[in-house]
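Worksheet: the structure to be examined is printed underneath.
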Amino acid sequence: MIPSNMNSLIGLLFLSYCICLVKSIELTFELQDKAKDCYYENIQKNTSTTLEYQVVTGGQYDVDVIIESPTKEILYRQVKSQFDSHTFVAAVSGPYAICFSNEFSTFSHKLVYMDLQVGEEDPLPGIGEQVTVMTQMETTSQDIHEYLNKIIDYQTHHRLKEAQSRKRAEDLNHHVALWSATETIAILLVAIVQVYTLKRFFTEKSPTQIPYKSMY
């Protein structure tokens, strides 16, 4: 049987995990060649926002990234970037645009991961409002909560690296198989030409028929 204080601890952790999910927007999408995709998020004034992105697969693993405010001001711009993280504070309230562009690519599709964290994470219920020193259980709950967030971030980055490494391995395997097939065809063609040439050298030719002229 689980003690009542342990039930409270589990409830706090579950609630904090849900709050974390609400405050963080994670998205993995495919960006077509010669395309530009924009995502909009309503952000209140003086709210801190962090954008983290990474190109998982495709081409040279790079995209153009722009963050634009409701007043059309460019807050962040990167050209042919593979991954980065940027934090800004909203100067005005309204829809902010996060645009990813692959317009410079003629045939390579890109798989892009985006993590948008809006605002500061709320404290655990019952901890952020108190004035007194936290108890040992409250301190432990806060520590576990922070560790869980770090574990989630580590798992996300490991999944991205695994997907990127797998894609590169598949591309390398494709290139090796294509090179092997090309090399095999070239060897067969050279062998056929050699056999044909040697056959011509050793083929007996009939003597030339010289017309006989009578002296009489």
**Request:** May I have the step-by-step check of side-chain contact (heavy atoms from CB on, under 4.5 Å) for Asp64 and Lys80, ending in yes or no?
**Result:** CA-CA 5 Å; Asp64 296 341; Lys80 294 185 177 181; 3.9 Å; yes
**Request:** State, yes or no, whether a side-chain contact exists between Cys99 and Glu68 at a heavy-atom distance under 4.5 Å.
**Result:** no
**Request:** Would you kindly confirm whether Ile25 and Leu75 end up in one hydrophobic cluster when ILVMFWY residues are joined by side chain heavy atoms under 4.5 Å apart?
**Result:** yes
**Item:** Side-chain (Asp37) to main-chain (Phe100) donor-acceptor, under 3.5 angstrom
**Value:** no
**Complete:** So OG1 of Thr182 and CG of Leu178: to nearest 0.5 Å the spacing works out to 4.5 Å
**Item:** Shortest non-hydrogen separation from Val55 to Ser81 and the atoms involved
**Value:** CG2-O, 3.9 Å
**Fill in**
In short, Gln60 meets Gln82 closest at the heavy-atom pair O-NE2, 3.4 Å
**Prompt:** Which heavy atom in Ile74 sits nearest to a heavy atom in Arg77, and how many Å separate them?
**Reply:** CG1-NH2, 3.8 Å
**Request:** Using the test side chain to side chain donor-acceptor pair (under 3.5 Å), find all partners of Asp33 that sit at least two apart in sequence or belong to another chain.
**Result:** His109
**Asked** Are Phe83 and Tyr76 connected in a single hydrophobic cluster, I mean Ile/Leu/Val/Met/Phe/Trp/Tyr linked by side-chain heavy atoms less than 4.5 Å apart?
**Response** no
**Minimum heavy-atom distance Tyr96-Ala91, with the two atoms named** = OH-N, 3.4 Å
**Asked** What's the spacing between Glu52 CD and Tyr113 OH if we round to 0.5 Å?
**Response** 6.0 Å
**Request:** On the 0 to 90° scale, with breaks at 30° and 60°, tag the Tyr39-Phe29 ring pair as parallel, tilted or perpendicular.
**Result:** tilted
**Asked** Going by atom types only, do Gln54 and Tyr61 share a side-chain donor-acceptor pair under 3.5 Å?
**Response** no
**Asked** Is there a side-chain contact between Met114 and Leu51, using heavy atoms and a 4.5 Å cut-off?
**Response** yes
**Complete:** Between the OH atom in Tyr147 and the CD1 atom in Ile152, the distance rounded to the nearest 0.5 Å is 15.0 Å
**Ser93 side-chain N/O to Lys45 backbone N/O, donor-acceptor pair under 3.5 Å** = yes
**Prompt:** Once the angle between the rings of His86 and Phe88 is folded into 0 to 90°, is it parallel (under 30°), tilted (30 to 60°) or perpendicular (over 60°)?
**Reply:** parallel
**Item:** Where Thr47 and Ile43 come nearest, the two heavy atoms and their spacing
**Value:** CB-CG2, 3.8 Å
**Request:** Work out which heavy atom in Leu31 is nearest to a heavy atom in Ser101; give both atom names and the distance.
**Result:** CD2-C, 3.8 Å
**Prompt:** Given Val65 and Tyr53, is the side-chain contact (heavy atoms from CB on, under 4.5 Å) satisfied, shown in steps?
**Reply:** CA-CA 9 Å; Val65 185; Tyr53 64 89; 3.6 Å; yes
**Prompt:** Does the side chain of Asp62 come within less than 4.5 Å of Phe104's, by heavy atoms?
**Reply:** yes
**Asked** Would you call Leu116 and Ile98 a side-chain contact if the rule is heavy atoms closer than 4.5 Å?
**Response** yes
**Message:** With clusters defined by side-chain heavy atoms of hydrophobic residues (ILVMFWY) lying less than 4.5 Å apart, directly or transitively, does Val118 cluster with Leu27?
**Reply:** yes
**Request:** Check whether any side-chain N or O of Ser108 sits under 3.5 Å from a backbone N or O of Ser105 as a donor-acceptor pair, and report yes or no.
**Result:** no
**Prompt:** If you round to the nearest 0.5 Å, how far is OG1 of Thr197 from CD of Gln194?
**Reply:** 7.5 Å
